[in-house]
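Shown next, in structure tokens, is the structure this report addresses.
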Amino acid sequence: MASSPARLVTAVVVTCVVAAGGLAATYTVTAPRIAAQEREAERAALSKVLPGAVKFEPMADDVLARAREAAVAGSVEQVWRARDASGADAGWCVRVSARGYGGPVQMVIGLDRNGKVAGLTILSMKETPGLGTRVESEDWFLRQFTGLPAGYGEGDVKKLDAISGATRSSRAVKNCAVAAAQAFAVVSGEGSR
């Protein structure tokens, strides 16, 4: 049986349709699970950076937009008002990113109700393994941000140590911290809303 261009094209089209159908079916089955896992990971990160908080309420779109405008050091992606078990304000959590060496470093930073840094964690990054990734693996680096006082600013963060050989990665984390403070200055005024 001789092959013709029409048969080859038909075979390629059928293969593509079957592959696309398989990918679509896989996506349909796995998308809800992936979304649920991402929500759980996000909730765990929020609880980690603001211990004692049990409920996290995303800020209204208009407030979030103002926080994004104010945060010039990094990109604010989401802000949550945190509540403790009694329903009282526990503080704020800010998901923020800033450009590192290999791409954006995405973090969640917890600020208590006064704006003091309660904790922070890196959600994702594409920094150089063994060099830029040290911003996450060397505990002392992230710990030095915890406890930055209310009203801290860029000057306070610049004084913190950077990791030798990972200057741009360190700067990305510092910019995230500054952006969180800049966002806090906006959202903290929304206490009664």
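Nothing fancy with the numbering, it's 1 onward along the sequence.
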Atom pair [atom1] ([X]) and [atom2] ([Y]), whose distance is rounded to the nearest 0.5 Å:
X    : Y    : atom1 : atom2 : answer
E42  : S47  : CD    : OG    : 10.5 Å
C93  : R43  : SG    : CZ    : 10.0 Å
R39  : I34  : CZ    : CD1   : 11.5 Å
E138 : Q144 : CD    : CD    : 11.0 Å
Q37  : T30  : CD    : OG1   : 9.5 Å
F145 : D156 : CZ    : CG    : 11.5 Å

Donor-acceptor pair, side chain of S4 and main chain of R7, under 3.5 angstrom: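 Checked: pair present.
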Just wondering, do [Y] and [X] contact through their side chains at under 4.5 Å, heavy atoms?
X    : Y    : value
R68  : V79  : no
T146 : L142 : no
V108 : L46  : yes
I163 : V135 : yes
V96  : N175 : no

Decide whether [X] and [Y] are clustered together by the hydrophobic rule: side chain heavy atoms of Ile, Leu, Val, Met, Phe, Trp, Tyr closer than 4.5 Å, transitively.
X    : Y    : value
Y152 : F141 : yes
L148 : F184 : yes
W80  : V63  : no
M107 : W140 : yes

So, for [X] and [Y], which heavy atoms are closest and what is the spacing to 0.1 Å?
X    : Y    : value
Q78  : L64  : OE1-CD2, 3.7 Å
A82  : L50  : CB-CD2, 3.4 Å
A183 : A71  : N-CB, 4.5 Å
A70  : V186 : CB-CG2, 3.5 Å
A73  : A179 : CB-N, 3.9 Å
W92  : V187 : CH2-O, 3.3 Å

Full working for side chain to side chain contact (heavy atoms under 4.5 Å, CB included) between I109 and C176: CA-CA 8 Å; I109 299 175; C176 285; 4.2 Å; yes
Could you list the donor-acceptor pairs under 3.5 angstrom formed by side chains in residues 112-127, with sequence neighbours left out?
from	atom 1	to	atom 2	distance (Å)
D112	OD1	N114	N	2.8
D112	OD1	G115	N	2.9
D112	OD1	K116	N	2.9
R113	NE	D89	O	3.0
R113	NH2	D89	O	2.9
T121	OG1	K48	NZ	3.4
S124	OG	Q106	OE1	3.4
E127	OE1	Y101	N	2.8
E127	OE1	S169	OG	2.5
E127	OE2	Y101	N	3.4
E127	OE2	G102	N	3.1

Which salt bridge (charged side-chain N to carboxylate O under 4.0 Å, His left out) pairs, counting each pair once, include a residue from residues 158-172, with sequence neighbours left out?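 Those involving residues 158-172 are E154-K158.
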Expected list for residues 51-60: side-chain donor-acceptor pairs under 3.5 angstrom, two or more places apart:
from	atom 1	to	atom 2	distance (Å)
E57	OE1	R83	NE	3.4
E57	OE1	R83	NH2	3.4
E57	OE2	R83	NE	3.4

